[in-house]
Amino acid sequence: GATAAIAFAFGKRRDYVARGFECMGRGGKAVTFVFLLAGSQVGAAPSIDFQLVTNNLDKVTAITHAGDGSGRLFITLQGGRVMIYNGTNLLATPFLDIRPLVQTNANERGLLSTAFSPGFATNGFVYVYFTALDTSNMVARFTALPLGTDSVSTNTMQTVIRLPHPGQNNHNGGQLQFGPDGYLYLGPGDGGSGCDPPNNAQNLGAPLGKLLRIDVSNPAINYTIPPSNPFIATNGALPEIWAYGLRNPWRFSFDRLTGDLFIGDVGQGPSNPHEEVDYRPVSSTGGENYGWRLYEGFGTNTCSVTFSNVSTVLPILDYDHSSGRCAVTGGYRYRGTQIPPLYGTYLYADECGGQIYGTVTNGSGAWVNTFTNNTGFTITTFGEDQAGELYFSRYATAGAVYRIIWKDTDGDGLPDDWEQQYFGSTTGVSANADADGDGFTNLQEFLAGTDPTNAASALRITTVSLNGSDFVVN
């Protein structure tokens with residue numbers, strides 16, 4: 001159908017967010033109207049809240065979507081199951097159940113992540129990262145057939161890669177993510193214990209303490225090496241390595257808009273600990289050394305290792321273990337539409353303290369936290385749905401998944417920030433009132449991004465014209 005490009009002037013407003021609807025145009029063609037809606041003027045620190053999605057979940061380790069338009073959330077449980085929340089209910093039958101294959105005899109072992117092939121809607125491929133019974137870390141592929149099914153047969157399992165993890169039961173990493181390049185990234189930890197005794201993270205001949213990148217596009221074989229991996233021609237180096245010098249990259253993610261990479265790398269404790277978040281733009285060609293065990297955080301040599309002339313990449317932020325904090329849980333850069341002032345903010349959390357932080361770059365390019373929300377929960381993971389809205393877990397034997405929302409204390413559909421901005425109060429403002437008498441309610445003005453106290457700012461369609469096959473609406 002024809003696409004109508006619609007631009008509205010909203011004075012000095014910035015950070016427009018696209019929302020759209022579809023209707024029938026001339027000759028029965030579908031016409032897509034895309035509105036660029038202005039965000040709030042309250043700045044980069046929106047008041048966020050969280051809304052229960054579903055509960056009675058036994059130890060959530062990951063939350064993701066399939067990218068197939070189904071609206072389903074897939075919730076990974078440490079014991080070996082992947083559950084489906086279909087938008088209304090948590091389905092009783094697991095999407096995948098591999099409990100007999102999963103080692104769960106230690107706190108950091110189990111089924112740790114699930115990732116769907118970018119072509120899942122047509123090939124049905126789903127990948128999981130788990131601790132196998134022999135304590136190695138394993139990535140396996142399953143095939144969900146028929147397409148759209150709510151359950152997967154374990155008979156379709158194919159081993160993709162197995163990483164030996166001898167000696168210790170911690171620092172297994174566990175994240176799987178498909179990058180913007182279509183390759184599968186996985187983040188095994190350094191092998192455990194304190195200060196990485198085998199020096200795995202700095203050893204290019206060992207797979208642990210790394211970010212690995214592999215090509216799983218051919219299901220007839222386990223995987224191949226992407227030709228642009230940085231260490232293919234390095235003598236003694238594993239060709240799967242994309243980056244190294246990581247302690248326990250429990251959660252990492254790619255910005256769905258830019259392709260930039262964020263890594264939450266869990267820090268050392270208990271003396272002088274530093275949790276860190278690392279960042280690389282999509283233009284990176286790989287090969288970065290993030291510093292562990294030589295550095296931790298900003299130049300902190302926790303392990304007192306003697307070294308010199310080692311080039312490393314500093315994190316964008318770090319923090320200590322005050323306020324009950326113990327381990328960083330990497331999150332996502334918000335690219336949804338429901339909280340416009342949050343757009344472009346990277347969210348992360350501390351597992352033990354339960355604080356959720358939002359960070360952005362300031363005018364000089366430094367990363368600064370813009371808000372903190374204290375949940376009081378044990379937060380093991382964030383998740384993103386297909387629309388870009390964000391979720392997080394409350395880790396417990398009877399745990400839960402929550403959606404991050406714009407705080408609306410009185411539940412009238414008008415966020416507290418917006419009400420405070422225009423009316424000086426977060427209560428006592430009616431969503432159905434027309435404060436400026438322009439014929440639009442406060443709720444309509446909020447959804448349109450217009451000023452509810454200024455009739456001249458009302459959203460109005462003044463002309464509709466045809467430019468070739470496109471409708472132009474002003």
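Bear in mind the structure is a predicted one, so any value in this text is a computation, not a measurement.
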Colleague: How close do Thr337 and Glu389 get, counting heavy atoms only, and between which atoms?
Modeller: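 Shortest heavy-atom separation between Thr337 and Glu389 comes out as N-OE2, 2.9 Å.
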
Colleague: Hey, are Asp255 and Arg335 close enough for a salt bridge, meaning a charged N less than 4.0 Å from a carboxylate O?
Modeller: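 Judged by the 4.0 Å cut-off on N to carboxylate O distance, Asp255 and Arg335 do form a salt bridge.
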
Colleague: Are Phe50 and Phe377 close enough that their ring centers fall under 6.0 Å?
Modeller: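 Yes.
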
Colleague: Using only atom types and a distance under 3.5 Å, with no angle test, would you say the side chain of Asn89 pairs donor to acceptor with the backbone of Asn86?
Modeller: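 A pair under 3.5 Å: no.
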
Colleague: Counting C-beta onward and ignoring hydrogens, is there a side-chain heavy-atom pair between Asp278 and Val313 closer than 4.5 Å?
Modeller: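 A side-chain contact under 4.5 Å is absent here.
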
Colleague: How are the rings of Tyr357 and Tyr319 set to each other: parallel, tilted or perpendicular (split at 30° and 60°)?
Modeller: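 Geometry flag for Tyr319 against Tyr357: tilted rings.
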
Colleague: Answer yes or no: is there an ion pair linking Arg280 with Glu288, defined by an N-O contact shorter than 4.0 Å?
Modeller: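 Looking at Arg280 and Glu288, the cut-off is met.
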
Colleague: For a quick check under 3.5 Å, do Thr409 and Asp416 share a side-chain donor-acceptor pair by atom type?
Modeller: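 Present: a donor and an acceptor within the cut-off.
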
Colleague: Give a yes or no on whether the ring-centroid distance for Trp367 and Tyr279 is below 6.0 angstrom.
Modeller: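 Centroid distance Trp367-Tyr279: below 6.0 Å, so yes.
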
Colleague: If we check side-chain hydrogen bond (donor to acceptor under 3.5 Å, both in side chains) with Gln268, which of these qualifies: Arg247, His274, Glu296?
Modeller: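 So the option named by the test is Arg247.
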
Colleague: May I ask you to check if Arg72 and Tyr85 form a cation-pi contact, with NZ or CZ under 6.0 angstrom from the six-membered ring centre and within 45° of the axis?
Modeller: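 No, Arg72 does not sit over the ring of Tyr85.
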
Colleague: Would you mind telling me which of Tyr185, Phe120, Phe178, Phe74 makes a ring-ring contact (aromatic ring centres under 6.0 Å, His included) with Tyr127?
Modeller: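 Only match with Tyr127 under ring-ring contact (aromatic ring centres under 6.0 Å, His included): Phe178.
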
